[in-house]
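Each remark here refers to the structure printed beneath this line.
Hydrogens, waters and symmetry mates play no part in the numbers below; they use all other heavy atoms, side chains included. Being a predicted model, the structure only gives us computed values, none of them experimental.
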Amino acid sequence: MKSARTWGIAAYLALLIERISQAVQFRPRPAFNPAQIRRYEGATRELRLDMPYYPAQSAKGYVLIPKDGYFQQAEEVLEQL
């Protein structure tokens with residue numbers, strides 16, 4: 001009976017150590033992909049609250065461009081990584 005209790009405690013401790021090691025495990029951040037920022041000269045200064053935007057690089061700096069099919073595809077690819 002004492003050995004069953006010992007095995008139960010050992011199994012519990014092994015499970016606890018495994019959960020803790022998974023929680024503190026180092027997970028690298030995704031690398032910055034310059035392909036996600038593209039040039040788009042047709043950006044406007046008017047922003048609407050009902051439409052999502054993302055930053056893009058232009059000749060004058062960063063601008064906000066409405067999300068489109070290109071952005072949706074890039075998000076899907078990044079989610080699969």
Q.
Return the CD1 to CZ distance between I17 and R19, rounded to the nearest 0.5 Å.
A.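 Going from CD1 on I17 over to CZ on R19, the span is 13.5 Å.
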Q.
Quick check for you: to the nearest 0.5 Å, what is the distance between L15 atom CG and I20 atom CD1?
A. 10.0 Å
Q. Will you find, in the side chains of Q22 and E18, an N or O donor that is under 3.5 Å from an N or O acceptor?
A.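 Short answer, yes.
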